[in-house]
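Numbered from 1 within each chain, the chains take letters A, B, ... in sequence-line order.
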Amino acid sequence: MNAKRSRLSRSSDFQRIYRQGSSTASRHLVLYAFKRAQGAPAEGPRLGLSVSKKLGGAVVRNRVKRLLREAFAAHEPHVSREYDVVFIARPQVLELVARQQEGEKGLVTAAVRDLLERAGLLAGSPSEPSS
RNA sequence: GGGGCAAGCCAGGUGGCCGCGUCGGCCCCGCGUCUCCCGUCUCCACGGAGCGGGCGAGGCAGCCGUCGAGGAAAGUCCGGACACCGCAGAGCAGGGCGCUGGAUAACGUCCAGCCGGCGAAAGCCGAGGGAAAGCGCAACAGAGAGCAGACCGCCAGCGGCCCCUUCGGGGGUGCGGGCAAGGGUGAAACGGUGGGGUAAGAGCCCACCAGCGGUCUGGCGACAGGCCGGCUCGGCAAGCCCCGCCCGGUGCAAGGCCAAAUAGGGGAGCGUUCGAGGGCUGCUCGUCCGAGGCUCCCGGGUUCCGGCCGCUAGAGCCGCCCGGCAACGGGCGGCCGAGAUGGAUGGUCACCCACGACAGGAUCCGGCUUACGGCUUGCUACUGUG
RNA sequence: UGGCGAGUGGCCUAACUGGCAAGGCACCUGACUCUGGAUCAGGGGAUUGAAGGUUCGAGUCCUUCCUCGCCAG
């Protein structure tokens, strides 16, 4: 799990995923997913995060991104490895973050798993070389 | 004890497991070098050539170690450093600042003091030069608002009319006259209070106060205090302005370098005429570049996509000593405390004080302002008890 | 991150050198009409983004803050 490789960095990557990928949404999050080209090195799913300034200051946005990264890392071994994934945080995640701050566990992780399941990206076994 | 005020400090802690970024080391991987060293390696025409290791620069994963957001990192309100702009010169324009003296790289900041205001005090606040250089503003109200002015009012004498008369005069009314104390308007009415004076009054005269001018003393100075004089209109320069001081523009997306592709291009030198046009700050002066020509050299950063540098050791922090009321400066010793690039500090478990506020670096510093939890110390007034 | 700009009734705009915040659309009431629209008459509605300061007086001048928008990767 090399974190640097599995991050999305280029603006063009984001643009391609938004245009050509499929989207799934819930109250809290929007998920975009896109299957990479054949030649691209497939070492695992790549993650991109988008947290708008409307959600709050830098502290709030960092907190949301950290929780989303942590939640995605929990499911990363089970996600199809040739996909690029972008999560967009909606303002409603703030209530999840607030409740988690109060002591409730796993709310963000559950929200991430819900979207990954509905997008069909969660494979039963982590190793399935079907490309 | 609960208020008020000032100064300083902390920014949850410790441990276990998983996870992230920087730097260093080990291992691994190819690359380069045989101009340096090693080899009982290979070839040889004996000059050398090659191979392996050392060595050098680098890469990704793993392991180990290391360090890893703030007092405001924020707002971007000021000031600098640094970088580039044909080195940025003079004048005007423009902008900023404005009690005094210091501090500083600089400031609109800080320190000490002066004056004014608020407060019972501790203390806090103040863009606080100039209105006898000039222009300008003051709506409404009010008689009068910038050369002041007379509505109500006060006043004696004279003339007209009316009434009364003890024939001396008295009263009323109107016009002209004197006055500015009182009423009234206003944010502001040409010094204030008291006394004398007067027909009524007025700095008309006097005392005190405020203000003005002069002078003496103290202070570097802002200014303070004393004395004397003549008696006296102000407000607004966060209106234009005057005076003094300061300011070139753009900003790390500054700017520099590298690899690949494609069209264009760029630089240096020479240079006849015209000297268009342009740059240097908006203008002027001044100054510089300057197309079209020739020669030589080179890749550049305009467009698309990348990498590296700039990039963190600095007007730095801590301790002691010295100078200074202090801000601060000097000396000695010690320390290294983020450097990311879709952007790193999180998750979970346990315990403790007790549910931890505001809040996250992006070139770097010095401030200001705003947001906000807690602790300690000192000062001041009040209340209760002894 | 750096550099700019703007906030006035529900909406769109005015307010000159500081001096009673004006107008249009919209809204309400009435008239006209069988009813509605249109038209006519009348009316209400503003802490001028917020807080301080200068001034007798601030939408206007000054300072700080808030919100929104724009430009540059």
Using the [atom1] atom as the point on both nucleotides, what is the distance between [M] and [N], in whole Å?
N: G195(B); M: G101(B); atom1: C1'; value: 48 Å
N: A41(C); M: C152(B); atom1: P; value: 48 Å
N: A131(B); M: C137(B); atom1: C1'; value: 13 Å
N: G299(B); M: G282(B); atom1: C1'; value: 39 Å
N: G75(B); M: G56(B); atom1: P; value: 48 Å
N: A371(B); M: U76(B); atom1: P; value: 16 Å
N: C111(B); M: G123(B); atom1: P; value: 15 Å
N: G235(B); M: C243(B); atom1: C1'; value: 22 Å

Could you please name the partner base of [N], counting Watson-Crick and G-U wobble pairs only when both distances are under 3.5 Å?
N: U14(B); answer: A350(B)
N: C23(B); answer: G65(B)
N: G146(B); answer: none
N: C43(B); answer: G48(B)
N: G384(B); answer: none
N: A112(B); answer: U100(B)
N: G225(B); answer: C216(B)
N: A207(B); answer: U193(B)

Quickly work out the [X] [atom1] to [N] [atom2] distance and round it to whole Å.
X: D84(A); N: G342(B); atom1: CG; atom2: P; value: 15 Å
X: Q100(A); N: G346(B); atom1: CD; atom2: P; value: 14 Å
X: H75(A); N: G19(B); atom1: NE2; atom2: C1'; value: 16 Å
X: K53(A); N: G69(C); atom1: NZ; atom2: P; value: 12 Å
X: L47(A); N: A344(B); atom1: CG; atom2: C1'; value: 15 Å
X: K65(A); N: G347(B); atom1: NZ; atom2: P; value: 15 Å
X: F72(A); N: G19(B); atom1: CZ; atom2: C1'; value: 15 Å
X: R63(A); N: G346(B); atom1: CZ; atom2: C1'; value: 8 Å

A side-chain contact here means heavy atoms from C-beta on lying under 4.5 Å apart; do [X] and [Y] qualify?
X: L96(A); Y: Q100(A); result: no
X: L47(A); Y: L68(A); result: no
X: V64(A); Y: L94(A); result: yes
X: H75(A); Y: T109(A); result: yes

If the glycosidic angle sits within 90 degrees of zero it is syn, else anti. Tell me which applies to [N].
N: G299(B); answer: syn
N: A69(B); answer: syn
N: G71(B); answer: syn
N: G168(B); answer: syn
N: G337(B); answer: syn

**Fill in**
Of G342(B), U348(B), G361(B), the nucleotide closest to the side chain of A58(A) is G361(B)
**Message:** By nearest atom, which of the nucleotides G360(B), G347(B), G342(B) is closest to the L67(A) side chain?
**Reply:** G347(B)
**Asked** Between K65(A) and E70(A), is there a salt bridge with N-O shorter than 4.0 Å?
**Response** no
Would you compute the distance between atom [atom1] of [X] and atom [atom2] of [Y] and round it to the nearest 0.5 angstrom?
X: D114(A); Y: H28(A); atom1: CG; atom2: NE2; value: 8.5 Å
X: R61(A); Y: K53(A); atom1: CZ; atom2: NZ; value: 6.0 Å
X: F87(A); Y: T24(A); atom1: CZ; atom2: OG1; value: 9.0 Å

**Message:** If the cut-off is 4.0 Å, is R69(A) near the phosphate of G343(B), judged by side-chain N/O to OP1 or OP2?
**Reply:**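 For G343(B), OP1 or OP2 has a side-chain N or O of R69(A) closer than 4.0 Å.
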**Request:** Return no unless some side-chain N or O of R66(A) is found under 4.0 Å from OP1 or OP2 of U345(B).
**Result:**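 R66(A) to U345(B) OP1/OP2: side-chain N or O found under 4.0 Å.
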**Message:** If you assign each of V51(A) and N62(A) to its closest nucleotide in RNA chain B, which residue comes earlier from the 5' end?
**Reply:** V51(A)
**Message:** Under 4.0 Å, heavy atoms only, any strand: does R61(A) hit a base, just the sugar-phosphate, or nothing?
**Reply:**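 If one applies the 4.0 Å heavy-atom cut-off, R61(A) turns out to touch nothing in the nucleic acid.
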**Asked** What pattern of brackets, bars and dots sums up RNA chain C from 5' to 3', given Watson-Crick or G-U wobble pairs under 3.5 Å, [ ] for crossing pairs and | for another strand?
**Response** (((((((..((((.....[..)))).(((((.......))))).....(((((..]....)))))))))))).
**Request:** Indicate yes or no for a side-chain donor-acceptor contact from R118(A) to the backbone of A25(A) under 3.5 Å, with no hydrogens or angles considered.
**Result:**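 Looks like yes, one N/O pair under 3.5 Å.
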**Side-chain donor or acceptor of R99(A) paired with backbone N/O of L107(A) under 3.5 Å** =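 Not a single qualifying donor-acceptor pair exists.
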